[in-house]
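This structure is a prediction, so every number in the text was calculated from the model and none was measured.
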Amino acid sequence: MKNRAWWFLLPALAVMSLSAFIPLMTVINYAQYSVFPGSAPQFIGMENFADVLGDGVFLDSLRRQVLFSIEILLIEIPLGLGLALALPKKGKWVGWSLVLLGIPLLIPWNVVGIIWRVFTRSDLGAVPAIFNWIGYGAYNASLNSGDAWWTVVAMDVWHWTPLVILLCYAGLQAIPEEFYRAAKIDGASAWSTFRYVTLPKLRHSLILAVLLRFMDSFKIYAEPFQLTGGGPGNSTTLLSIYTSRKAIGGFNMGFGAAVSIIYFFLVILISWLLYTIMMNVGGGSSK
Amino acid sequence: MKKRNVALWVYFAFLIMPIYWMLNTSFKTNNEILNYMHWFPHNFTVKNYVTIFTSPFWRRGFLNSLAFVSLNVVIVIVAAVPAAYAFSRWHFRGDKHLFFWLLTNRMAPTAAFIVPFFALYSNIGLFDTHIAVALAHALFNLPLAIWILEGFMSGIPKEIDETAFVDGYSFPHFFWKIFRPLISQGIAVAAFFAFLFSWVELLLARTLTSTAAKPITVTLSRSLGAGGWDWGALAAAGVLTMIPGALVVYFIRNLMAKGFAMGRV
Amino acid sequence: MAKIDLKNITHVYKSGGEETRAVNDVNLTLAEGTSNALIGPSGCGKTTLLNIISGLLTPTEGQVLIDGKDVTELPPRDRNIAQVFQFPVVYDSMDVYGNLAFPLRNRGTPEGEIEGRVQEAAELLGLDDRLHENPASFGPEWSQLVSLGRGIIRHDTTALLFDEPMTDVDPGRKLTLRRRISQAQKRLEVTALYVTHDQHEALTFAEKAAVMKDGQIVQYGSPEELYERPVSTFVGNFIGSPGMNFIDCEFAGEDLKAGKFTVPLNETMRNSLDSSWSGVELGVRPNLVDVYDEPEGGGEIPAEVTLTEHLGSYQIITLKVEGIGVEIKAELPLEEKTDIGSEKFIGLTPKNIMLFHNGEAIQNEKK
């Protein structure tokens, strides 16, 4: 029986070794060397890691990245939950609403960037025209770093809130009707019903939504790359943009590899922290 | 009742606006795009679409994308179904750790893997092939697919397997005849998510291809830089890349609510 | 503690273009403090009627009166009615204490008063040891007690409604739960209505039961009345396990003829018949079928034993009578020898039988 399980896992493990294990080992290996094109790699131990952690641009991108993930979680999770609650449970519009919500998720990520570039560019976009009309004529996402930042955030909200809505909506559909009936009989107000029926029952959907949104927002690359290219200046240079610059364009491949490992480690660490915190909040509490 | 409807309308307007603007732009001439702010095309033209359909460049990009996306879906499903079955049915040494390790791969930042991927696939001669991109995307899709399918399979009582074996079914016969129909929805959902990620991803697809296997997304990105800005053609190409996704969503719309529960609720 | 009146209640579900009449012109009065059951086959409208009483549904037509006050349009919280559902509902983000206190907190009861009431209800239901456990880990039996606890915690609860509460409960635990429910109902003297399709459950719980069929109440009475004087072949068949035996008969002078056998009638029965009918249905409870090994000389009908079922302290045998299209079930003591294939003789005496015409009882008076 035990051996049988491993046979079943074989195809998956074979694929993962090509797509995960070997590449990861390579990065770990690189990270301990100083690798310059045209010269033999030199073993330098942990020096690359020290260099990365001392790099101001890295720390700035990291700070920006954390801020970005916090902001989009604070917007997308409540918004997605609220809209999922507002969405009708049945009726002819449900199917169409779901199709509409699914569309942004299936647009290639760089095309999302392009859509938003076309939408917000000062020479051909609708957004500057609308801002101009309401009296904020100074809007310019390619010159003004504040505008650029909020445009990237708005794009992410546009792109990913549908995922949160769909996850919550699926969770809502699975709550048995009896819970709402019982809450009515017990005289619960709309808020109590939400607090003691809906929210606890949606816990797993919400945890999944937060984790997926955290991981993917922390890894975001193609959309801001296409929309702002990380600029103006470095104002929208998120961690992935920094990493790929270092990995491809940088001279020292060892440095790029060290960035990659720190990056991967951070995603796992923060995901684990989020998961642990969420599993302990809102469990059975006394009185 | 009223208030929630207003919220929904405002949201859906926000959802449609950027797409509408792209569509609007794709039917304009470059002159109109850059010099006027029109909410609908005054000089309606399909020239941008003609440009794309007549260029072998763009066409090849589309075909390349479809090739590695389908290949990815096949690889992911073929590898994930038996693995998910093993996780859902048997306890073996290290099963929890292995499952968790698989899931952590879903967290890997793509940017961190581009260099080793490039090195690995160049060394084994797979660089610039569809299979390279398909395998690279499996890094993210396979863990998710195993996780989704494990959820669906755990919802199916073990007694079904046992009854079938008692009735004298061989394993492959049981799997195909009895088990597969029961998890067909789970397979559809896993395939949907594999398609989704593989179709939308840019960074790995760009790193692992140069000419022969270059996908449409990369063609699109690169055309931005080359020789001036053909905004009209870019918008038209963007609109076209939205169509396969929209079609997929339309066909699985009845599975959506269940699919996003991912077999876990 | 209240009297509940249903007046001409009709409920129609509309979905698409189709209308389903789930409840059809129901009139029913539940006396104050009584325990009642509502039984009937699946889909007969029981649950709909229950939800109309609790206020989860507003009937298409008719009125619901609680102590003479029209509450038809009032929401559940203003009716002070408690309901226990088929699917056990517990709020798993709160412990048992929080669950029991929930309806009181929703009404703004002071915490000091809540504590005493929770204690009281918990003791009554045997939950006092588990007040600070999380009910998420409870089995269906305990979960149902928690739901019941939320129902009885309010002092002003007018009625307790149960919607097939035993469905998910293990057969072995049903008895305990039923006893607890019964105790609580009697102690609080609260009007109760218990919906089920299991007549055994209903008849052991309730003082009076209403039998429902196709959206209508066909009979409302004590368990004895339902058993001994069913108003129709439906009730006769539905109540009792196995249900009443029915035999189609023709008139034969003063008596009845079933196939080639004669069934004698008494004076009252003869007078209740109408000679324009083509025939009647004869009904007899399995425990009232007389079975003999030898003919007794009173026109007994010969029959062959085709099946025997031992049910603890008695047995049910199935008898096949030549020339009559029905099988007759009879209840006998275990000591009787009832080999399959053996011949028996069935005696149908007037005091044991009932007559029905077109499914309706002709006369209920037993002589």
Compare every heavy atom of F218(A) with every heavy atom of L239(A), then report the nearest pair and how far apart it is. CD2-CE2, 4.0 Å

Of the backbone (N, CA, C, O) and the side chain (C-beta and beyond), which part of [X] lies under 4.5 Å from a heavy atom of chain A, both, or neither?
| X | result |
| --- | --- |
| I243(B) | neither |
| Y20(B) | neither |
| R106(B) | both |
| Y250(B) | both |
| A119(B) | side chain |
| Y11(B) | side chain |
| L120(B) | side chain |
| A235(B) | neither |
| T241(B) | both |

Is the distance between the ring centroids of [X] and [Y] less than 6.0 Å?
| X | Y | value |
| --- | --- | --- |
| F197(B) | F193(B) | no |
| F27(B) | F40(B) | no |
| F260(B) | Y169(A) | no |

Less than 4.5 Å apart, any side-chain heavy atom of [X] and any of [Y]?
| X | Y | value |
| --- | --- | --- |
| I75(B) | L135(B) | yes |
| I241(A) | P224(A) | yes |
| P215(B) | V133(B) | no |
| V78(B) | V74(B) | yes |
| L81(A) | I165(A) | no |
| R117(A) | W231(B) | yes |
| D156(A) | R213(A) | yes |
| L149(B) | V81(B) | yes |

Side-chain donor/acceptor of E150(B) to backbone N/O of M153(B), under 3.5 Å: no

[X] versus chain B, the contacting section by heavy-atom distance below 4.5 Å:
| X | value |
| --- | --- |
| S240(A) | both |
| L202(A) | neither |
| I220(A) | neither |
| I130(A) | side chain |
| P128(A) | neither |
| Y221(A) | side chain |
| D216(A) | side chain |
| L24(A) | both |
| L85(A) | backbone |
| A154(A) | backbone |
| T120(A) | neither |
| W116(A) | side chain |
| Y263(A) | both |
| L98(A) | both |

Which one of [options] has the most heavy-atom pairs closer than 4.5 Å to chain A?
| options | answer |
| --- | --- |
| F171(B), F140(B), F87(B) | F171(B) |
| P109(B), A111(B), P116(B) | P109(B) |
| H137(B), E32(B), M17(B) | M17(B) |
| L8(B), N105(B), L102(B) | L8(B) |

With chain B as the partner, which of [options] has the greatest number of non-hydrogen pairs under 4.5 Å?
| options | value |
| --- | --- |
| S97(A), P104(A), G95(A) | S97(A) |
| L13(A), I103(A), L79(A) | I103(A) |
| A129(A), A126(A), A12(A), P11(A) | A126(A) |
| V267(A), V111(A), L166(A), V118(A) | L166(A) |
| F214(A), W109(A), W96(A), Y242(A) | W109(A) |
| T243(A), V94(A), V27(A), L100(A) | L100(A) |

Kindly indicate whether a cation-pi arrangement holds for R206(B) with F225(A), taking the cut-offs as under 6.0 Å to the six-membered ring centre and within 45° of the axis. yes

On the ring face of W21(B), is K28(B) found with NZ or CZ under 6.0 Å from the centre and within 45° of the axis? yes

Just wondering, are more than 12 heavy atoms of other shown residues or ligands nearer than 6.0 Å to CH2 in W39(B)? yes

Tell me yes or no: between the side chains of S61(A) and T237(A), is some donor less than 3.5 Å from an acceptor? no

To the nearest 0.5 Å, how far apart are CE in M22(B) and CE in M242(B)? 7.0 Å

Which value, rounded to the nearest 0.5 Å, describes the distance between F12(B) atom CZ and L87(A) atom CG? 5.5 Å

